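Computed from a predicted structure; not experimentally measured. Chain A is the first sequence line, chain B the second, and so forth, proteins listed ahead of strands; every chain is numbered from 1.
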Protein chains: 2
Amino acid sequence: MKQKPTLKVIAKELDVSVSTVSKALRDSKEIGEETKKKVKAFAKLYNYRPNNIALSLKNKKTKTLGVIIPEIVHHFFTTVISGIEHYANDKGYNVIVGLSNESFKKEVINLEMLANGSIDGFIISVAKETLSFKDFHHFSETIDQGIPIVMFDRVIDDIECDKVIVDDVKTSEKAVQKLIDGGCKNIGIISTKDYVNVGRLRTEGYKNTLNANHIKIQNSRILKIDDKFNSDDNLEFLEEQIYTYFEENEVDGLFTVNELYAITAMKVARQKGLTIPDDLQVIGFTDGVLSRHAYPSLTTISQHGFEMGEESAKLLIDRLENPNEEEELFKTIVVKTDIIDRETTKLRNPKK
Amino acid sequence: MKQKPTLKVIAKELDVSVSTVSKALRDSKEIGEETKKKVKAFAKLYNYRPNNIALSLKNKKTKTLGVIIPEIVHHFFTTVISGIEHYANDKGYNVIVGLSNESFKKEVINLEMLANGSIDGFIISVAKETLSFKDFHHFSETIDQGIPIVMFDRVIDDIECDKVIVDDVKTSEKAVQKLIDGGCKNIGIISTKDYVNVGRLRTEGYKNTLNANHIKIQNSRILKIDDKFNSDDNLEFLEEQIYTYFEENEVDGLFTVNELYAITAMKVARQKGLTIPDDLQVIGFTDGVLSRHAYPSLTTISQHGFEMGEESAKLLIDRLENPNEEEELFKTIVVKTDIIDRETTKLRNPKK
DNA sequence: CCTTGCAGCTACAACGTTTTCGTGTTGATA
DNA sequence: TATCAACACGAAAACGTTGTAGCTGCAAGG
């Protein structure tokens, strides 16, 4: 086991000073050709790599991004991470991942754990619990310390920072309109409680479209699932709620704010003897593995998570590398969405 | 925007030395009660947190684990990451994620990018390309530099390091036996090319069980998918191969080495008019979202990814914190597997 | 009165870099 | 011969922290 060589040991070995070695390796013109060649050869031989930590300390930047998400076992978030990784790696940045598990406390801990100089900036999707508590001090404090934050998907309006979102309202309008155009008369929505902004906005789009089509809104057709900050073993709970929903509502079109709700609803519908898409058409949000491989395969809205990740990373790195340029001018990037036509809807959209 | 306070500014402000501040905060008995109280109050007020980077440099350890996996958009890997995160966070470690995308080159780059002092050790699942090239120099060099590696799932026998695996052979034997017990006469397997060790081992188990039951092995019933180092848009390719497979083989029982193969096979089987599980029983490997929400829901083998992650992190952190104790005595932990009975098999196992 | 001990604090080195500012040697120029 | 620039290199500081060793003043013991 040979230890990593440092400038110091190279210097001693070659009987020159540390500064000379450093400069030689960086090809400074202060150093003679001879010496440069000698040093470089030696460095190569011993596989010298500058110590990142020392560089971080000196430069006061770590070239590392902190990503804090509610959950990693979730297709949307992993595609976003892929996007972040892709862009960040390209720019020479590393990505360090923190999981909040939808918990406020874990989010705070993760933030603090990383805000000690370990990372240059954050990319965050806010935990449900945090959204429900409405306690955002950890974000403002972090920003106050000069550490920039980019929020994506689950963002907080009151926090001033860069954001990457989809146009939830418009997208949901498109989806519901599609159901209407496909012949649905009684359209329902399965959403989340209102403190989750994306749920609220998507519900808003649903209502807008009904209004625009002069269809009366029936509140019983709006199911707001409270998934208690964890999406693990509450599958039965979810099924129950949806079962009751179907008991009380006769719908022929259904829009859900994520794919799990859609898949589960299809399962329940099947139990009740409905066929899809003949008796019931379904559109989900977020294009994940479930949608693609469901039977019948689910028509969904693609959020383009990969792009969202890339945009988030770009926003953050731009801000890191061009500080106080356009200071305090925070951007919100709206990533476009697409409806992916599959088997749970009748109408095919020829126009992309 | 207030900058992070350092020991130095606290010292200056309080008109004591830096060492005094440091010691006061660490409750050293060298410092008088008065001074301690004063310093602590001040530190609290200004929300002082020791700079992690400086500590890392001094202690020569970063309290950060590097995880390099082939892909993150994959349920198994994300559950493993969850497990790693869980254990690591508990022990005060951070997790930095690198994606190889099944590419040898990216794996090497990621390793080098992190081996510069950024992390204390690695947890790795090897890229398919690396397995096929059989070029493992980057691993041995890393270990040689004193950076420990733990490999999980896709491991390399020739590299001496800690490993966390499932007993692929035994597990696959169990699964195939279950198909036999469930009345299947013609059992096939969809696996990967042999350079992927897990694929090879699972195929081995399949053969073992057929032999043990005096069933003749037919090579045409063994389909080895070559997914070309990426699992993205080769879905049609996969479907094609499976379609041909079904054309050439009449099977009533199918074991696949992952859930995607199983789901796809079910889809193709359905197209060919087979009903599941009446005409065809299926068991997959890796319990993911697909299996649970498929229709019919898929009987699978649970690899307990979360546990594998925890075990990997434990192995690594143990080694980091107790160096040269049991030096060179590498462990291989075999995590148990379970068959999760669902709707694609006929026989229900009452015994867990 | 001189040592010894101790409490309470400070100075300094070290971790590995980079960078600024020397400094000595050469050769050319006035 | 004195001056000066160019060249090749070294010393030292800095990033923020901790641990060791050293320093001061005071009280107790001989």
Can you tell me how far CG of B/D90 sits from CD of B/E310, rounded to the nearest 0.5 angstrom?
9.0 Å
All salt bridge (charged side-chain N to carboxylate O under 4.0 Å, His left out) counterparts of B/D318, not counting sequence neighbours:
B/K314
With the threshold set at under 4.0 Å for non-hydrogen atoms, list the residues of residues 18-28 of chain B touching DNA chain C in residue-number order.
B/S19, B/T20, B/K23
Is B/K58 touching bases, backbone alone, or none of the nucleic acid, heavy atoms closer than 4.0 Å?
base
With sequence neighbours excluded, tell me which residues meet salt bridge (charged side-chain N to carboxylate O under 4.0 Å, His left out) with B/E30.
B/K23
Apply ring-ring contact (aromatic ring centres under 6.0 Å, His included) to B/H304 and list each qualifying residue two or more places apart in sequence or on a separate chain.
none
Around B/E321, counting heavy atoms of other residues, nucleotides and ligands shown, do more than 12 lie under 6.0 Å from its CD?
yes
Classify the angle between the aromatic ring planes of B/F306 and B/H86 as parallel (below 30°), tilted (30 to 60°) or perpendicular (above 60°).
tilted
Need one value for A/L55: base, sugar-phosphate or nothing, where a base atom within 4.0 Å counts as base even if backbone is also close, heavy atoms only.
sugar-phosphate
With the threshold set at under 4.0 Å for non-hydrogen atoms, list the residues of residues 34-42 of chain A touching DNA chain D in residue-number order.
A/T35
Heavy-atom nearest nucleotide on DNA chain C taken for B/L57 and for B/E33; more 5' hit belongs to B/E33
What distance separates A/F139 CZ from A/I124 CD1, expressed to the nearest 0.5 Å?
5.0 Å
Heavy atoms only: give me the nearest A/S100-A/A127 pair and the separation to one decimal.
OG-CB, 3.6 Å
Chain B vs DNA chain D, heavy-atom contacts under 4.0 Å, first-to-last nucleotide span, 5' to 3', is D/dC15 to D/dA21
What I'd like to find out is whether the side chain of A/L14 reaches to under 4.5 Å of the side chain of A/T35, using heavy atoms alone.
no
Residues which pass salt bridge (charged side-chain N to carboxylate O under 4.0 Å, His left out) with B/K40, listed by chain and number, not counting sequence neighbours:
B/D27
The first and last nucleotides of DNA chain C lying within contact of chain A, meaning any atom under 4.0 Å from one of its heavy atoms, run from C/dC15 to C/dC21
Do other residues, nucleotides or ligands put more than 12 heavy atoms under 6.0 Å from B/Y46 OH?
no
In residues 148-159 of chain A, what donor-acceptor pairs under 3.5 Å come from side-chain atoms, sequence neighbours left out?
| unit_1 | atom_1 | unit_2 | atom_2 | d |
| --- | --- | --- | --- | --- |
| A/R154 | NE | A/V126 | O | 2.9 |
| A/R154 | NH2 | A/E102 | OE1 | 2.6 |
| A/R154 | NH2 | A/E102 | OE2 | 2.8 |
| A/R154 | NH2 | A/V126 | O | 3.3 |

Sequence neighbours excluded, which residues qualify as salt bridge (charged side-chain N to carboxylate O under 4.0 Å, His left out) partners of B/E33?
B/K36
Set of side-chain contact (heavy atoms from CB on, under 4.5 Å) partners for B/N51, sequence neighbours left out:
B/I53, B/A54
If you fit an axis to the five pairs at each end of the helix from C/dC1-D/dG30 to C/dA30-D/dT1, how big is the angle between those two axes, to 10 degrees?
90°
Side chains of B/D162 and B/L316, heavy atoms from C-beta outward: is any pair under 4.5 Å?
no
